[in-house]
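Here the structure comes first, spelled out in structure tokens, and everything after it is commentary.
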Amino acid sequence: MDRAAVFDVDGTLVDTNHLHVVTWWEAFRQAGHRVPMHAVHRAVGLGSTDLIAHLLGDDRDQEQDATLNAAHKALYGQYFDRLPALPGAGELLRRLHGDGWRVVLATSASGAELGALRRAIDADEAIDGTASADDVERGKPAPEPVEHALELAGAPASQAVFVGDTVWDMLAGGKAGVHCVGVLSGGIPRADLEEAGARSVYADPADLLDRLAESPLA
């Protein structure tokens, strides 16, 4: 039976969360909205429409969503050629692939953004599939991204581990019935990840790799 190692990308494998904070903040500012950066940080990990709704509310002018999303994409796109992988990210994926795990990415990124993230990780030979925003109707915290990743891996939830850095990741993984592992590299406190369902928490991919023998991915 195949085992699935499912990974979020932003903040989990690539150090991009604070770039998202700044570029979303600027997109909101350009549209006349004052949104605190700490609030944006807490919303990172949601799909674009859900992030906007979470921060501006359901009573917002929804016709402005496309403009906000386009502004964020343009601002964030300026960093595509220099997105930094987190320590140990590529090595961890290659190690798991070599150990027989089916490695699948589950991310709200798609298109050129996803391509830039994969270039940063530089471990395409270890990645068996990607469940992107284009593949599901609802993003995290709904379970669909994780469930689709399991379908790609051909593995049941009982044989899967999902690694992520946000509360949204942990909630999605919990609803999908997989073992959830948190990392602190996205800037979310350990207590928040554990409350949302993380069974174990590591500093970053390098820490998880160093302690792999005692982890759920052993």
Between Y76 and F80, what is the ring plane arrangement, given parallel below 30°, perpendicular above 60°, and tilted in between? perpendicular
For the CZ atom on R82, are there more than 12 heavy atoms of other groups (residues, nucleotides or ligands in this structure) within a distance under 6.0 Å? yes
Does D134 offer a backbone N or O that forms a donor-acceptor pair with the side chain of S132 under 3.5 Å? yes
Is there a salt bridge (Lys or Arg N to Asp or Glu O under 4.0 Å) between R94 and E125 once you walk through the steps? CA-CA 8 Å; R94 286 189 286 271; E125 71 278 11; 3.7 Å; yes
Is it the case that the side chain of R211 and the backbone of L208 share a donor-acceptor pair, with hydrogens and angles ignored and the cut-off at 3.5 Å? no
For E195, is the CD atom crowded, meaning more than 12 foreign heavy atoms sit under 6.0 Å from it? no
Quick one: which residue pairs count as a salt bridge (charged side-chain N to carboxylate O under 4.0 Å, His left out) with a foot in residues 157-171, not counting sequence neighbours? K140-D169
D61 versus L56: any side-chain heavy-atom pair under 4.5 Å? no
Check whether any side-chain heavy atom of L117 lies under 4.5 Å from a side-chain heavy atom of D10, and answer yes or no. yes
May I ask you to decide if G11's main-chain N or O and N17's side chain share a donor-acceptor pair within less than 3.5 Å? yes
Using the side chain to side chain contact (heavy atoms under 4.5 Å, CB included) criterion, which residues pair with D192? Sequence neighbours excluded. R42, V167, I188, P189
So do the side chains of I52 and W24 get within less than 4.5 Å of each other, counting heavy atoms only? yes
